[in-house]
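In what follows, every heavy atom counts, from backbone to side chain, and hydrogens, waters and symmetry copies are set aside. Numbers here simply count residues along the sequence, with the first being 1.
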Amino acid sequence: MSLFPVDVSWQVASGGVFELKHPYSPMPLSSPQTDIRIGTLVKADETAPSYIRQILPHGFESFSLTFWKEIPEGLNFPDFAKSVKDVLEDKAVISSLGMFGNPLQEEATVRGWERCIDAAHLFGCDVVAGFAGAVEGKPLPESMPQFKAVWSELARRAEDRGVRVAFENCDMGGWWHDVRWNVAHAPSAWEMMFHEVPSKALGLEWEPCHQMYSLIDPLPQLRKWVDRVYHVHGKDATIAWDVLKTYGIRGGRDYVWHRTPGFGDTNWSDVITILRQAGFKGSIDIEGWHDPVYRDDLEMTGQVHGLNYLKNCRGGAYVPNPVVA
């Protein structure tokens, strides 16, 4: 799973910056529309401020800062948070920190989760997202004792600091009988996880893409689990039903592709409707660098299309009601 770009050196055209009041400041939000913000993922390293500065004028309202496997050696969270917030000013927010590794087998990833949970407040956010981990190469239920041991402690830490943990629903190439990296890839696994550690600090970083890879209809699933959805990845999929019906899932043919929202099969107006009906407040952050068409030199073209598509699915520009005299 590739979360990050390899090059952030492109230049963006000058233009107006989307005006958004910071939800963690005493100033009110610019509109009720931004109860659900639309943003993107950014690699959490020394390039993050420059990367954000370049793409902020496109209108991104939130950014999820994501680490891979561990925190870079020597990273000073207060200094890093300040450098990012200086770029954001009051134009966008940090929606979440991300820690993507295998905390059931890698001690460095556990330490990374601890540091992210402790540092979330520095960025004005209360969500830390990532993989739940796995005891790899074994049937999924055999990971549950280790899941309980690791996440009971991390859940208590999150509760103490007012932080919510959001597990991404990516299978990382694993199956129920041969799990890889992340047990949190199927609803039956979620039931087991939340039974083992019954803390409401633990929830989901949900997206339709990974469920569509499992041929699960994402919208009924979202309705059922929406109260445990703490963050949303903006990533969709296209299912080639003609290929499936002709060759099946073992015929050596690709039958599903990751897509940027606006290019896939999901109606995101329905996704946002379900989120709003449940009172969700937070961000949909685009997980780019996966679309097979809008990639390489077309990456940001696709992401900005997805950004504007999701804003339209959210209802478009905010229009205040008439004042009745």
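Under the 3.5 Å distance criterion, the side-chain polar atoms of Asp178 are left unmatched by any main-chain donor or acceptor of Gly174. Judged by distance alone, with hydrogens and angles left aside, the side-chain atoms of Lys69 form no donor-acceptor pair with the main-chain N or O of Glu106 at under 3.5 Å. Not a single donor-acceptor pair under 3.5 Å links the side chain of Ser95 to the backbone N or O of Ser283. Under a 3.5 Å cut-off, the side chain of Glu196 and the backbone N or O of Lys148 do not form any donor-acceptor pair. Judged by distance alone, the side chain of Asp126 and the main-chain N or O of Arg164 form no donor-acceptor pair under 3.5 Å. Side-chain N or O atoms of Gln33 include one that pairs as donor or acceptor with a backbone N or O of Gly316 at under 3.5 Å. Side-chain atoms of Thr246 do not come within 3.5 Å of backbone N or O of Val243 as any donor-acceptor pair. Between the side chain of Ser199 and the backbone N or O of Ala201, at least one donor-acceptor pair lies under 3.5 Å.
With hydrophobic clusters built from ILVMFWY side chains whose heavy atoms lie under 4.5 angstrom apart, Trp176 does not share a cluster with Met212. Taken together through direct or relayed side-chain contacts under 4.5 Å among Ile, Leu, Val, Met, Phe, Trp and Tyr, Leu122 and Val165 form part of one hydrophobic cluster. Val84 and Val127 sit in two unconnected hydrophobic clusters of ILVMFWY residues. Membership requires side-chain heavy atoms under 4.5 Å apart, directly or through other members. In the hydrophobic clustering of this structure, Tyr51 groups with Phe67; members are Ile, Leu, Val, Met, Phe, Trp, Tyr whose side-chain heavy atoms approach within less than 4.5 Å, directly or through other members. Under the 4.5 Å side-chain heavy-atom criterion for grouping Ile, Leu, Val, Met, Phe, Trp and Tyr, Ile216 is not connected to Leu204 through any hydrophobic cluster.
Every residue two or more places apart in sequence or in another chain that forms a side chain to side chain donor-acceptor pair (under 3.5 Å) with Asp45 is listed here: Thr47. In this view, Trp113 and Trp151 satisfy the ring pair (Phe, Tyr, Trp, His ring centres under 6.0 Å) rule, not counting sequence neighbours. Lys82 meets the salt bridge (charged side-chain N to carboxylate O under 4.0 Å, His left out) test with Asp86; sequence neighbours excluded.
Across Lys235, His290, Glu287, a single residue satisfies side-chain contact (heavy atoms from CB on, under 4.5 Å) together with Cys209, and that is Lys235. Of the candidates Trp257, Tyr309, Tyr294, Phe263 forms a ring-ring contact (aromatic ring centres under 6.0 Å, His included) with just one, namely Tyr294.
In this structure the side chain of Leu275 reaches within 4.5 angstrom of the side chain of Leu222, judged on heavy atoms. Side-chain contact between Lys311 and Glu61 is present, with heavy atoms from C-beta onward closer than 4.5 Å. Within the 4.5 Å cutoff, no side-chain heavy atoms of Asp291 are placed close to those of Asp236. Within the 4.5 Å cutoff, no side-chain heavy atoms of Val256 are placed close to those of Leu244. The shortest side-chain heavy-atom distance between Leu202 and Met193 does not fall under the 4.5 Å cut-off. The closest side-chain heavy-atom distance from Asp242 to Tyr255 is not below 4.5 Å. Looking at Ser50 and Val87, their side chains never come closer than 4.5 Å, going by heavy atoms from C-beta outward. Lys200 is not listed as a side-chain neighbour of Glu159, based on a closest heavy-atom distance of 4.5 Å or more.
Relative ring orientation between His233 and His231 is described as perpendicular, the plane-to-plane angle rising above 60° on a 0-90° scale split at 30° and 60°. Between Trp68 and Phe100, the ring planes are parallel. Angles under 30° get that label, and only those over 60° would be called perpendicular.
Ala184 approaches Phe167 most closely through the heavy-atom pair CB-CB, 3.8 Å. Minimum heavy-atom separation, Leu97 to Cys116: CD1-O, 3.7 Å. The minimum heavy-atom distance linking Gln221 with Pro187 is given by the pair NE2-CG, 3.3 Å. Shown here for Pro103 and Val110, the closest heavy-atom pair between the two residues is O-CG2, 3.1 Å. Nearest heavy-atom pair, Ile117 versus Leu154, reported as atom, atom and distance to 0.1 Å: CD1-O, 4.0 Å. When all heavy atoms of Phe63 and Ala92 are compared, the closest pair comes out as CE1-CB, 3.8 Å.
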Intermediate values then yes/no, side-chain contact (heavy atoms from CB on, under 4.5 Å), Phe280 and Ile36: CA-CA 7 Å; Phe280 175 87; Ile36 296 178; 3.9 Å; yes

From CA spacing to verdict: side-chain contact (heavy atoms from CB on, under 4.5 Å), Ile38, Ser62: CA-CA 6 Å; Ile38 312 299; Ser62 61; 6.0 Å; no

side-chain contact (heavy atoms from CB on, under 4.5 Å) evaluation trace for Ile71 with Met99: CA-CA 8 Å; Ile71 307 296; Met99 187 68 247; 4.0 Å; yes

Check against side-chain contact (heavy atoms from CB on, under 4.5 Å), Leu41 and Ile286: CA-CA 6 Å; Leu41 273 62; Ile286 295 168; over 6 Å; no

Criterion salt bridge (charged side-chain N to carboxylate O under 4.0 Å, His left out) on Asp118 and Arg157, from CA distance to verdict: CA-CA 8 Å; Asp118 292 349; Arg157 193 183 199 98; 2.9 Å; yes

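When the shell of 6.0 Å around CH2 of Trp175 is examined, it contains 12 or fewer heavy atoms from other residues, nucleotides or ligands.
Annotation: cation-pi geometry not satisfied between Arg115 and Phe77 (NZ/CZ under 6.0 angstrom from ring centroid, within 45° of ring axis).
Here the NE2-CZ distance, from His185 to Phe131, works out to 12.0 Å after rounding to the nearest 0.5 Å. Note that the OG atom of Ser269 and the CD1 atom of Ile274 stand 11.0 Å from one another [nearest 0.5 Å]. Distance check, rounded to the nearest 0.5 Å: CD1 of Ile249 to OH of Tyr213 gives 13.0 Å. Between atom CD1 of residue Ile272 and atom CD of residue Gln277 there is a gap of 12.5 Å, rounded to the nearest 0.5 Å. Once rounded to the nearest 0.5 Å, the distance linking CD of Glu136 with CG of Asn182 reads 10.0 Å. In this structure, OG1 on Thr260 lies 6.5 Å from CD on Gln303, to the nearest 0.5 angstrom.
Inspection of the Gln105 and Trp181 side chains reveals no N or O donor paired with an N or O acceptor under 3.5 Å. Of the N and O atoms on the side chains of Asn102 and Thr109, not one donor lies less than 3.5 Å from an acceptor on the other residue. Side chains of Asp285 and Thr40: no donor on one and acceptor on the other come within 3.5 Å.
Residues Trp225 and Trp190 bring their aromatic ring centres within 6.0 Å.
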